[in-house]
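Being a predicted model, the structure only gives us computed values, none of them experimental. Reminder, nothing fancy here: chain letters follow the sequence lines and each chain counts from 1.
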Number of protein chains: 2
Amino acid sequence: MPYDPSDYPPFAVTVDLVVLTVRRHALCALTVRRGEQPFQGRWALPGGFVRQDEDLSQAAARELAEETGLTAHEPSAPAQDNGAHLEQLATYGDPKRDPRMRVVSVAHLALAPDLPAPRPGGDANSARWAPVEELLDQGGYGRDGEPVALLAFDHAQILADGVERARSKIEYSSLATAFCPPEFTVGELRRVYEAVWGVALDPRNFHRKVTGTPGFLVPTGGTTTRQGGRPAQLFRAGGATLLNPPMLRPEV
Amino acid sequence: MPYDPSDYPPFAVTVDLVVLTVRRHALCALTVRRGEQPFQGRWALPGGFVRQDEDLSQAAARELAEETGLTAHEPSAPAQDNGAHLEQLATYGDPKRDPRMRVVSVAHLALAPDLPAPRPGGDANSARWAPVEELLDQGGYGRDGEPVALLAFDHAQILADGVERARSKIEYSSLATAFCPPEFTVGELRRVYEAVWGVALDPRNFHRKVTGTPGFLVPTGGTTTRQGGRPAQLFRAGGATLLNPPMLRPEV
DNA sequence: AGTGTTTATCGTCAGGCAGACGACTATGAT
DNA sequence: ATCATAGTCGTCTGCCTGACGATAAACACT
């Protein structure tokens, strides 16, 4: 297959972001309102064009910073500072996915703690955290009675893929800590799992499991009572990234 | 971030293929010899440009058919006919990955049985199955004494990612059957796991595990003796795609 | 101060599964 | 006939999980 570098079909390449967080016991995704056609006025995932001189991961990190102020770290490093976890998700290139032209979008998945920077997009009117349940439950109505239309383009599919990635990845990795602040309790981590999976977990078995897995949690020595009830130990994420044996997601 | 559809940085988009099979107890990848600059004469992964009117998965399936004659089926469907498993792997877009221009490559992973069509590329001189161990063991020498140079472009990284995907995915899915012919024995399936993981497995525990997992294997009623020794039952891949609990890869 | 509520943490027990490994079976090779 | 090879069935032990009882330490009442 010889090919001429000067004779190839031109594409536009974008990055789209699935930014997830846990708010009020619900898994939420960052959405922005579109200002132009097509899908004007509809909600969409944040994203933008990849520039000529930047890598895909750089473009994703740049878009994430522009939309949330979060800085990203690589998938290999555990979440130690306030940055968000960022990893490539998948690439979407259906010829008809953008009616204007041929656009290939490299979707990325970002996991962030709840509101380290409470300004999604700077313009609060054009960006919001929406429960993924509402976004994926096609044609429902939001809490404010506003009809929740389908996301623009193929973003509902991208979001669904990102949510599924997050749900499965917290099973066998310590990624759930990316949803937590730098210091957190076992109960807070459990509520993350419960929100992402949409199930209730036994607090006693969960506590045994996460504290018994070497390298998962490192006690900081402090305690907190911010959840009410008996004070709980504070932990940081340990160095382990892969959990073996994994957390088991209850079936059904 | 308003953007003008007529004003965007143009990219070339390609698909590259990591085609894996198991030959002679070794995990092998399909490589082709490059005829042009850059990296002329070096081995590379098969691939090519995405056409203006085709989807990414279509482009990958087309390239796979051109190089091997295999037809692909979707990741959701289990391998029932002679086709190969094909799924998207990841996308590589470093600005310098191709010295000539900005190329974004959407890599795909294909798993095929050993030689259903023994013509890799039609031109036997320009394509070959190479053990991934040689390809990833940088700077070694092949069986014929020829120095095994690094793969062209970033293809060593792409191959490593594809191999890692395959290694982890056969843990929790029935994907290992994609390396087997339509009918196979438990022992043949075990040798697939051993080749992909590079470990030895206990035949008795393996047999108990795979025959005891509902939906993994369906007996055809026939037996074979092609491996020597006592005749073995023949199986087809069952409908189950996810194994729960998963196969456990021995550590270290 | 006492009582109830909430959350955290420790313990116990039974069932399931995996690793180690013995035993037996059915072929082909010598 | 004997051996080598590969397949198949069992047994046993240890670990992990799910179910769930019990205790501990805070706060909000009255």
For a 4.0 angstrom threshold against heavy atoms of chain B, report the outermost contacting nucleotides of DNA chain C in 5' to 3' order. C:dA18 to C:dT27
Looking at [Y], is its backbone amide N or carbonyl O close enough to the side chain of [X] to form a donor-acceptor pair, meaning the two atoms are under 3.5 Å apart?
X	Y	result
A:S126	A:R33	no
A:T21	A:P113	yes
A:H155	A:L45	yes

Of B:L248 and B:T225, the one whose closest DNA chain C nucleotide lies more 5': B:L248
Both A:Q227 and B:R230 contact DNA chain C. Which one's nearest nucleotide lies toward the 5' end? A:Q227
Over all strands shown, is A:R191 touching base, sugar-phosphate only, or nothing at heavy-atom distances under 4.0 angstrom? sugar-phosphate
For a quick check of understanding: with a heavy-atom distance under 4.0 Å over all strands, which category does B:R226 fall into, base, sugar-phosphate or nothing? nothing
Could you say whether A:R204 or B:H207 is positioned toward the 5' end of DNA chain D, judged by the nucleotide with the nearest heavy atom to each? B:H207
Distance-only donor-acceptor hits, side chain of residues 244-252 of chain A, under 3.5 Å, sequence neighbours excluded:
| from | atom 1 | to | atom 2 | distance (Å) |
| --- | --- | --- | --- | --- |
| A:R249 | NE | A:E171 | OE2 | 3.3 |
| A:R249 | NH2 | A:E171 | OE2 | 3.0 |

Applying side-chain contact (heavy atoms from CB on, under 4.5 Å), can you list everything that pairs with A:E194, at least two apart in sequence or on another chain? A:R190, A:R191, A:A200, A:L201
By the ring-ring contact (aromatic ring centres under 6.0 Å, His included) test, which pairs, at least two apart or in different chains, include something from residues 182-209 of chain B? B:Y193-B:W197, B:Y193-B:F206
Is any side-chain heavy atom of A:Y92 less than 4.5 Å from a side-chain heavy atom of A:D16? no
Using a 4.0 Å cut-off to any heavy atom of chain B, which nucleotides of DNA chain D are the first and last in contact, reading 5' to 3'? D:dT5 to D:dT11
Name all pairs fulfilling the salt bridge (charged side-chain N to carboxylate O under 4.0 Å, His left out) condition that reach into residues 172-185 of chain A, sequence neighbours left out, sorted by first residue then second. none
